[in-house]
Amino acid sequence: MEQQSKDPLHGKRLDAILEELVDYYNGFERLGEQINIKCFTDNPSISSSLKFLRKTDWARTKVESLYLYVLRQKKREETKKRNRD
């Protein structure tokens, strides 16, 4: 029997993480408020941000940490919604 990883980042591609964060924050402007790095605040795009994040470990770590936070927030919102229904 195969064991599944409990790591929410396991098997998750950086482009999918970035797209989900941009969607969650309704664009790069609000994402740039959460993580103040130039690739999110100065003429941002998915492709230019991916290039930067793939070369810059500290920035990628911040993005992954924010993604884990967003996953927890979504889970809390979902739980609250279920409890109200």
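Evaluation of the side chain to side chain contact (heavy atoms under 4.5 Å, CB included) rule for Ser45 yields Ser47, Ser48 as partners, not counting sequence neighbours. For Lys51, there are no salt bridge (Lys or Arg N to Asp or Glu O under 4.0 Å) partners at least two apart in sequence or on another chain. For Lys62, there are no salt bridge (Lys or Arg N to Asp or Glu O under 4.0 Å) partners, not counting sequence neighbours. Applying the side chain to side chain contact (heavy atoms under 4.5 Å, CB included) rule to Asp7 yields the partners Ser5, Leu9, His10; only residues at least two apart in sequence or on another chain are considered. Scanning for salt bridge (Lys or Arg N to Asp or Glu O under 4.0 Å) contacts around Glu77 gives an empty result, with sequence neighbours left out. When the side chain to side chain contact (heavy atoms under 4.5 Å, CB included) test is applied to Asp15, the partners found at least two apart in sequence or on another chain are Arg13, Leu50.
For the pair Phe40/Val63, a side-chain contact is recorded, criterion being any heavy-atom separation below 4.5 Å from C-beta on. In this structure, the side chains of Tyr25 and Leu66 come closer than 4.5 Å at one or more pairs of heavy atoms. When side chains are defined from C-beta on, Leu21 does not count as touching Ile35, because their heavy atoms never get closer than 4.5 Å. Looking at Leu31 and Leu18, their side chains come closer than 4.5 Å, going by heavy atoms from C-beta outward. Counting only heavy atoms from C-beta outward, the side chains of Phe28 and Cys39 never approach each other to under 4.5 Å.
The line from CD of Gln73 to CG of Leu71 is 10.5 Å long, rounded to the nearest 0.5 Å. Annotation: the span from Glu64 atom CD to Thr61 atom OG1 amounts to 6.0 Å, rounded to 0.5 Å.
Sorted by first and then second residue, the salt bridge (charged side-chain N to carboxylate O under 4.0 Å, His left out) pairs with a member in residues 19-28 read Lys12-Glu20, Glu20-Lys74; sequence neighbours excluded. Counting only residues at least two apart or on different chains, no side-chain hydrogen bond (donor to acceptor under 3.5 Å, both in side chains) pair has a member in residues 28-42.
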